[in-house]
Amino acid sequence: MYDIENYYQAESVKDAVRLLNEHPDARIISGGSDVLIKIREGKFAGTSLVSIHGIKEIQGVKMADNGDIYIGAGTVFSHITNDAIIRKYIPVLGEAVDQVGGPQVRNIGTIGGNICNGAVSADSAPTVFSLNALLRLEDGKEGRLVPVKDFYLGPGRVDLRQGEILTYVIIPAKEYEGYHGHYIKYSMRNAMDIATLSCSVVSRIDPQKKVLEDVRITFGVAAPVPYRCHKTEEALKGMEIGDELFAKVEALVREEINPRDSWRASKAFRLQIGGEIAKRALKESIRRGMVDDENAAGGEQS
């Protein structure tokens, strides 16, 4: 049974903001894959809901004239994975959200809900951190533009204020142009399971000099919020691509992350896995950069 006091359907972002202000105790719902489970478990029992499901203005993916990519908060995971802009410019995000739950969940769950839920195991979170995403929050007035790194406050807690709605996840052009990424999720099962540990690596290389110019490494389930390995990143920049680089990322990550013991996995196990998946994700992101450079060179010659 779902103990819901009232249900309100918003027709637009403006209407949703109005409803939230009129009913300050109400919760936002879109796909419902997170909120309805919590209501059924009794955590949100007796709550009222403001539905933003079906609001067209926050659905879909578009590119601005300056190259920034706008992902509507109401866009479902399966749409993101298959969107032409995502596949061409930031395929790592499409690959990451394609690991959320099963097909049914991916057809109803939204990226906005995934982020606003504040779960450190969210499959979208490490990649939007590595892409330095910005979040557009509307409140019916001026709204706010918040870096995703400042949005997560703690386990299940985000900086979403009364009367605010997340409308867009924005990936600035300068954060993805020239970069390639890879996401790895380690879980107890291959499908329909949350991450025991996850890692998203986004890197930029100089293919001629065989040098790693820039790298961003973000873990899920390695801290109370998604965790960027800034110390490791700085130590790796400028290194030649090769075995020494990959050995170093593996060692440094294990020194930097601080996962907890839980029934899913011990801290020691997560540290071991963390170094390994960071190394593998970095290798694959670099390989993709090399392939793109070779393809570009081939196109210039033909």
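Only a predicted model underlies this, so the values are computations on that prediction, with no experimental measurement involved.
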Checklist line | Single-linkage hydrophobic cluster, 4.5 Å side-chain cutoff, Ile277 and Val92 together | finding: no
Check: Which heavy-atom pair separates Tyr7 from Gln9 by the least distance, and what is that distance?
Finding: OH-OE1, 3.4 Å
Next item on the list: Determine whether Ile108 and Ile58 fall in the same hydrophobic cluster, where Ile, Leu, Val, Met, Phe, Trp and Tyr are linked whenever their side-chain heavy atoms lie under 4.5 Å apart.
Entry: no
Notebook entry, point to check: Can you name the closest pair of heavy atoms from Ala10 and Val50 and give their distance?
Noted result: CB-CG1, 4.4 Å
Check: Of the options Glu256, Glu233, Glu234, which is the one that meets Arg228 in a salt bridge (Lys or Arg N to Asp or Glu O under 4.0 Å)?
Finding: Glu233
Note to self: Under 4.5 Å between side-chain heavy atoms, counting indirect links through other Ile/Leu/Val/Met/Phe/Trp/Tyr residues: same cluster for Phe269 and Tyr227 or not?
What the structure shows: yes
Notebook entry, point to check: In a check of side-chain contact (heavy atoms from CB on, under 4.5 Å) between His180 and each of Met290, Arg288, Glu284, which one passes?
Noted result: Arg288
Checklist line | Rounded distance [0.5 Å steps], CD1 in Ile52 versus CD in Glu57 | finding: 10.0 Å
Check: With a 4.5 Å limit on heavy-atom distance, are the side chains of Leu245 and Ile286 in contact?
Finding: yes
Check: Would one find more than 12 heavy atoms of other residues, nucleotides or ligands at under 6.0 Å from atom CD of Glu240?
Finding: no
Checklist line | NE2 on His79 to CZ on Phe77, rounded to 0.5 Å | finding: 13.5 Å
Checklist line | Working for side-chain contact (heavy atoms from CB on, under 4.5 Å), residues Asn107 and Val105 | finding: CA-CA 5 Å; Asn107 283 330; Val105 173; over 6 Å; no
Margin query: Within the 3.5 Å criterion, strictly below it, is a donor on Ser124 or Asn114 matched to an acceptor on the partner's side chain?
Written below: yes
Margin query: Can you confirm whether more than 12 heavy atoms, excluding those of Glu244, are under 6.0 Å from its CD atom?
Written below: no
Next item on the list: Give a yes-or-no answer on whether the side chains of Asn6 and His23 include a donor-acceptor pair shorter than 3.5 Å.
Entry: no
Checklist line | Side chains of Leu134 and Val146 in contact at under 4.5 Å (non-hydrogen atoms) | finding: no
Notebook entry, point to check: With side chains defined as the heavy atoms from C-beta onward, is the minimum distance between Leu160 and Ile165 less than 4.5 Å?
Noted result: no
Check: Is there any ring pair (Phe, Tyr, Trp, His ring centres under 6.0 Å) pair reaching into residues 137-172, and which pairs are they, with sequence neighbours excluded?
Finding: Tyr70-Tyr168, Phe129-Tyr152
Next item on the list: Go through the steps to decide whether His182 and Glu95 satisfy the test side-chain contact (heavy atoms from CB on, under 4.5 Å), and finish with yes or no.
Entry: CA-CA 8 Å; His182 188 55; Glu95 294 164 3; 4.2 Å; yes
Notebook entry, point to check: Is the backbone N or O of Val17 less than 3.5 Å from a side-chain atom of Asn21, with the two atoms forming a donor-acceptor pair by type?
Noted result: yes
Check: Does a donor on one side chain and an acceptor on the other come within less than 3.5 Å for Ser51 and Tyr8?
Finding: no
Note to self: Under a 3.5 Å threshold, yes or no: a donor from one side chain and an acceptor from the other, between Thr218 and Ser130?
What the structure shows: yes
Item checked: Glu142 CD: over 12 foreign heavy atoms closer than 6.0 Å -> no
Notebook entry, point to check: So do Val169 and Ile115 actually touch side chain to side chain, heavy atoms under 4.5 Å?
Noted result: yes
Next item on the list: Indicate whether the side chain of Arg270 and that of Ser262 have a donor and an acceptor atom separated by less than 3.5 Å.
Entry: yes
Check: Is atom NZ of Lys231 surrounded by more than 12 heavy atoms (other residues, nucleotides or ligands) closer than 6.0 Å?
Finding: no
Next item on the list: Please assess Ile205 against Val211 for the test side-chain contact (heavy atoms from CB on, under 4.5 Å), listing each intermediate value before the final yes or no.
Entry: CA-CA 6 Å; Ile205 62 171; Val211 166; over 6 Å; no
Item checked: Arg106 side-chain N/O to Ser78 backbone N/O, donor-acceptor pair under 3.5 Å -> no
Note to self: Quick check against the 3.5 Å criterion: does Gln59 have a side-chain atom that pairs as donor or acceptor with the backbone of His53?
What the structure shows: no
Next item on the list: Flag yes if more than 12 heavy atoms outside Arg144 fall under 6.0 Å of its CZ atom; otherwise flag no.
Entry: yes
Checklist line | Close side-chain approach of Val225 to Leu153, heavy-atom, < 4.5 Å | finding: no
Check: Shared ILVMFWY cluster between Ile170 and Ile111, side chains joined below 4.5 angstrom?
Finding: no
Notebook entry, point to check: Counting only heavy atoms not in Arg280, do more than 12 fall under 6.0 Å of its CZ?
Noted result: no
Item checked: Pair Asp214 + Lys237, salt bridge at N-O below 4.0 Å -> yes
Next item on the list: For residues Ile184 and Leu197, determine if any side-chain heavy atom of one lies less than 4.5 Å from a side-chain heavy atom of the other.
Entry: no
Check: Can any side-chain N or O of Lys210 pair as donor or acceptor with the backbone N or O of Pro207 at less than 3.5 Å?
Finding: yes
Next item on the list: Mind running side-chain contact (heavy atoms from CB on, under 4.5 Å) on Ile171 and Asp68 for me, showing each step along the way?
Entry: CA-CA 6 Å; Ile171 313 297; Asp68 292 356; over 6 Å; no
Item checked: same_hphob_cluster(Ile85, Val76) at 4.5 Å side-chain heavy-atom cutoff -> no
Notebook entry, point to check: Do Lys267 and Asn258 have side-chain atoms, one donor and one acceptor, less than 3.5 Å apart?
Noted result: yes
Next item on the list: Rounded to the nearest 0.5 Å, what's the gap from CD1 on Ile86 to OG1 on Thr81? Could you check?
Entry: 9.0 Å
Item checked: Close side-chain approach of Leu49 and Glu5, heavy atoms under 4.5 Å -> no
Item checked: Donor-acceptor contact present, side-chain Thr75 to main-chain Gly72, <3.5 Å -> yes
Check: If you measure from CG on Asp292 to CZ on Arg287, what distance do you get to the nearest 0.5 Å?
Finding: 9.5 Å
Note to self: Around atom CG of Asn66, are there more than 12 heavy atoms from other residues, nucleotides or ligands closer than 6.0 Å?
What the structure shows: yes
Note to self: Once rounded to the nearest 0.5 Å, what's the spacing between atom CZ of Arg216 and atom OG of Ser200?
What the structure shows: 10.5 Å
Notebook entry, point to check: Can you tell me how far CG of Leu252 sits from CD of Glu255, rounded to the nearest 0.5 angstrom?
Noted result: 5.5 Å
Margin query: Among Val215, Ile217, Ile257, Leu282, exactly one meets side-chain contact (heavy atoms from CB on, under 4.5 Å) together with Thr232. Which residue is that?
Written below: Ile217
Margin query: Quick check against the 3.5 Å criterion: does Asp139 have a side-chain atom that pairs as donor or acceptor with the backbone of Gly143?
Written below: yes
Note to self: If you define the side chain from C-beta out and look only at heavy atoms, does anything of Pro126 sit under 4.5 Å from Tyr183?
What the structure shows: yes
Next item on the list: Go through Ser266 and Asp261 one step at a time and tell me if the side chain to side chain donor-acceptor pair (under 3.5 Å) criterion holds.
Entry: CA-CA 4 Å; Ser266 68; Asp261 286 307; 4.5 Å; no
Check: Taking atom types as modelled, is there a side-chain donor on Gln99 or Asp123 under 3.5 Å from an acceptor on the other?
Finding: no
